[in-house]
Q: 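Pasting a structure below so you can have a look.
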Amino acid sequence: MTLPQIGDWHDFAGLARLQQERLPAVYAAAERSPFYRERGLAPLPEQPLTTKQDLRDAYPFGLLACDRADIATYHESSGSSGEPTASYYTETDWLDLAERFARKWTGIAPDDTMLVRTPYALMITGHLAHAAARLRGATVVPADNRSLATPYSRVVRLLHDLGVTLTWSLPTDTLLWAAAARVGGYRDFPSLRALFVGGEPVGPARKARIGRVWNAPVVEEYGATETGSLAGECAHGTMHLWADRAVFEVQDPDTGELRPDGRGRLVVTPLFRDAMPLLRYAIEDEVEVSYRECPCGWHLPAVRLLGRFARGGLTQLGLEELVFGLPDDFGVWFWRARVDGDRPRPRLGVEIEVADRWRTAATATLTAALRTAYPHVEPLVVPVPPGGLVPHRLLTATAEVMKPRGLFGPDEDWDRALRYY
């Protein structure tokens, strides 16, 4: 199978032709899937959406379109929006997955050392970054963020001692590393040249703050376990959908209408998927898609990720922009907010972690910003001292690794004989 590469088309019309040429192969794969055989196939503009509930109902192999022996890996999503969904990939599928993730404008090269700090369990994220790094010849440091073997103190040591050049993590994790480095006395990470982030929306203000904290560009990635990477940033800061590897549509949440651009919920049809073809998969993420020329010359649609978390007319991204819009000197990295919607004028409680020196200024500045941005709520900003939201013990904890054993000495905790994690 020959996969398209950026530069194989020269305008959006060429991109559309590439998609149409690939669709017959997508439908041929779908015909081998029990789910689509039962549902029936129609031209893409008439094909019903495939929902997350469809994937759950078809668990585990109702969408399988190849022999079980050809499956290379099996995965399940995190279940952040409900029950997890199953997905599976062949070796050929994995080439497409790895190539999409590796499309970083900073590049991934053989002389890079890449720390992978996302789960290596059933979700695809850690395996995906690992495969992409190895595809480009880089050294991988598998620092799974769900493992007790790699607490923050150890991550910081690895970043420093190994001369890590690239990282892959949640945006929030990068600030936790910075806090752990500060507590641990680490000052210098000269080898780090880029931080790849994904898994949660990150606004311009937080992204810029992370870049200043680490003195390195922050490169955003967007995808899902069911699909792999769907979009990535160009050197000009635009998130581009990988529309040479999938057909993207946007569904209006009010009318249900699907169109190629605009604001709504993202719908995706992967173009190179053997094990588990998906036709018009409703991924449920709120996005805004536009077809406009970008200085990068990629001729791929631009996408803004709007996030899922909203309460009382507030969005997480909107609040985040105000928090990270505070001056750097205030040192506010960690926050949390809660809406009490039972009042005539909802109360918004916001806690920020801030040093005593800046607590009055930070509280007043953020309160004023919240009142301006959200006049319909009553903000209450509460400063807490450093360690109040992210305990120092979390930043300084050492690795807790123990192999199973049955024989203990008199001063050892033998309750851990069978509970070794």
Q: From R100 CZ over to L95 CG, what is the distance, rounded to the nearest 0.5 angstrom?
A: 10.5 Å
Q: To the nearest 0.5 angstrom, please state how far the CD atom of E321 sits from the OG1 atom of T315.
A: 9.0 Å
Q: Closer than 3.5 angstrom, by distance alone: can the side chain of R245 be matched with the main-chain N or O of P4 as a donor-acceptor pair?
A: yes
Q: From E76 CD over to I124 CD1, what is the distance, rounded to the nearest 0.5 angstrom?
A: 13.0 Å
Q: Excluding sequence neighbours, so at least two apart, what forms ring-ring contact (aromatic ring centres under 6.0 Å, His included) with Y281?
A: none
Q: Is it true that the side chains of T118 and R146 contain a donor and an acceptor less than 3.5 Å apart?
A: no
Q: Closer than 3.5 angstrom, by distance alone: can the side chain of T165 be matched with the main-chain N or O of T113 as a donor-acceptor pair?
A: yes
Q: Using the ring-ring contact (aromatic ring centres under 6.0 Å, His included) criterion, which residues pair with W177? Sequence neighbours excluded.
A: none
Q: Without placing hydrogens or testing angles, list every side-chain donor-acceptor pair under 3.5 Å for residues 23-36, not counting sequence neighbours.
A:
from, atom 1, to, atom 2, distance (Å)
Y27, OH, A42, O, 2.6
Y27, OH, L44, N, 3.0
R32, NE, A65, O, 3.0
R32, NH1, A28, O, 3.4
S33, OG, F35, N, 3.4
Y36, OH, T50, OG1, 2.6
Y36, OH, L279, N, 2.8

Q: Can you measure from CG (L300) to CG (L241) and round to the nearest 0.5 angstrom?
A: 8.0 Å
Q: Who passes side chain to side chain donor-acceptor pair (under 3.5 Å) against D328, sequence neighbours left out?
A: R209, R212
Q: Within this structure, what is the CG-CD distance for the pair L278 and E226, rounded to the nearest 0.5 Å?
A: 8.0 Å
Q: Please collect all ring pair (Phe, Tyr, Trp, His ring centres under 6.0 Å) contacts where either partner lies in residues 100-146, sequence neighbours excluded, each pair once.
A: H75-H127, F101-W168, Y120-H127, Y120-H130
Q: What verdict does the side chain to side chain contact (heavy atoms under 4.5 Å, CB included) test give for T90 and C66, after you've listed the backbone C-alpha separation in whole Å, the side-chain angles of each residue and the deciding distance to 0.1 Å?
A: CA-CA 9 Å; T90 65; C66 68; 3.9 Å; yes
Q: Is the backbone of A149 close enough, under 3.5 Å, to the side chain of R154 for a donor and an acceptor to pair up by distance?
A: yes
Q: Taking the side chain as every heavy atom from C-beta outward, state whether L115 and L162 have any pair of such atoms under 4.5 Å apart.
A: no
Q: When you compare the side chains of T238 and E233, does any donor N or O come within less than 3.5 Å of an acceptor on the partner?
A: no
Q: Look at the side chain of D252 and the backbone N and O of T255, then say whether any donor-acceptor pair between them is shorter than 3.5 Å.
A: yes
Q: Using the test side chain to side chain donor-acceptor pair (under 3.5 Å), find all partners of Y59 that sit at least two apart in sequence or belong to another chain.
A: none
Q: Hey, what's the ring geometry for Y88 with Y74, parallel, tilted or perpendicular (30° and 60° as the breaks)?
A: parallel
Q: Could you list the residues that satisfy side chain to side chain donor-acceptor pair (under 3.5 Å) with E320, not counting sequence neighbours?
A: R206
Q: Going by atom types alone, do D274 and Y89 pair a side-chain donor with an acceptor below 3.5 Å?
A: no
Q: Check ring-ring contact (aromatic ring centres under 6.0 Å, His included) between W9 and all other residues, then give those that pass, not counting sequence neighbours.
A: none
Q: In the structure I gave you, are the side-chain heavy atoms of P301 and L15 within less than 4.5 Å of one another anywhere?
A: yes
Q: Quick one: do R336 and E351 satisfy salt bridge (Lys or Arg N to Asp or Glu O under 4.0 Å)? Show the steps, please.
A: CA-CA 5 Å; R336 64 185 180 185; E351 290 187 344; 2.8 Å; yes
Q: Count the heavy atoms of every other residue, nucleotide or ligand shown that sit under 6.0 Å from CZ of R37, and state whether that count exceeds 12.
A: yes
Q: Crowded around N215 CG? As in, over 12 foreign heavy atoms under 6.0 Å?
A: no
Q: Assess, by modelled atom type and distance only, whether the side chains of Q5 and E99 contain a donor and an acceptor separated by less than 3.5 Å.
A: yes
Q: Among T2, L3, T92, D93, which residue satisfies the side chain to side chain contact (heavy atoms under 4.5 Å, CB included) criterion with F272?
A: L3
Q: Once you round to the nearest 0.5 Å, how far does CG of L271 lie from CG of D244?
A: 8.0 Å
Q: Please check: side-chain N/O of H240 versus main-chain N/O of G232, any donor-acceptor pairing under 3.5 Å?
A: no
Q: Report all side-chain donor-acceptor pairs from residues 260-268 shorter than 3.5 Å, counting only partners two or more places apart or in another chain.
A:
from, atom 1, to, atom 2, distance (Å)
R265, NE, E286, OE2, 3.0

Q: Please enumerate all residues that pass side chain to side chain contact (heavy atoms under 4.5 Å, CB included) together with A109, with sequence neighbours excluded.
A: D111, D112
Q: Within 45° of the six-membered ring axis of Y152 and under 6.0 Å from that ring's centre, is NZ or CZ of R157 located there?
A: no
Q: We want to know whether S77 and T85 form a side-chain donor-acceptor pair, criterion being a heavy-atom distance below 3.5 angstrom.
A: yes
Q: List the steps, then state whether side chain to side chain contact (heavy atoms under 4.5 Å, CB included) holds for V155 with D173.
A: CA-CA 10 Å; V155 169; D173 237 26; over 6 Å; no
Q: Please identify each residue that fulfils ring-ring contact (aromatic ring centres under 6.0 Å, His included) with H160, with sequence neighbours left out.
A: Y186, F189
Q: Run the side chain to side chain donor-acceptor pair (under 3.5 Å) check on T150 and R117 step by step: do they pass?
A: CA-CA 9 Å; T150 47; R117 180 64 175 173; 3.1 Å; yes
Q: Is the shortest heavy-atom distance from the side chain of K207 to the side chain of P171 under 4.5 Å?
A: no
Q: Under 3.5 Å, side chain of R304 to main-chain N/O of E288, donor-acceptor pair present?
A: no
Q: Does a sphere of radius 6.0 Å around CD in E91 hold more than 12 heavy atoms from other residues, nucleotides or ligands, not counting ones at 6.0 Å or beyond?
A: no
Q: Should the ring pair F12 and H299 be called parallel, tilted or perpendicular, given that the plane angle runs from 0 to 90° and is split at 30 and 60?
A: perpendicular
Q: Quick one: salt bridge (Lys or Arg N to Asp or Glu O under 4.0 Å) pairs with a partner in residues 294-303, sequence neighbours left out?
A: none
Q: Look only at the side chain of S147 and the backbone of D144, and say whether a donor-acceptor pair between them is shorter than 3.5 Å.
A: no
Q: Test side chain to side chain contact (heavy atoms under 4.5 Å, CB included) on L380 and V350 and set out the steps.
A: CA-CA 6 Å; L380 175 63; V350 182; over 6 Å; no
Q: Please say whether more than 12 non-hydrogen atoms of neighbouring residues, nucleotides or ligands are located less than 6.0 Å from CZ in R259.
A: yes
Q: Could you check T167 against V116 for side chain to side chain contact (heavy atoms under 4.5 Å, CB included), going step by step and ending with a plain yes or no?
A: CA-CA 6 Å; T167 64; V116 178; over 6 Å; no
Q: List the steps and the verdict of salt bridge (Lys or Arg N to Asp or Glu O under 4.0 Å) for E221 and K104.
A: CA-CA 9 Å; E221 168 88 10; K104 299 290 186 290; 2.7 Å; yes
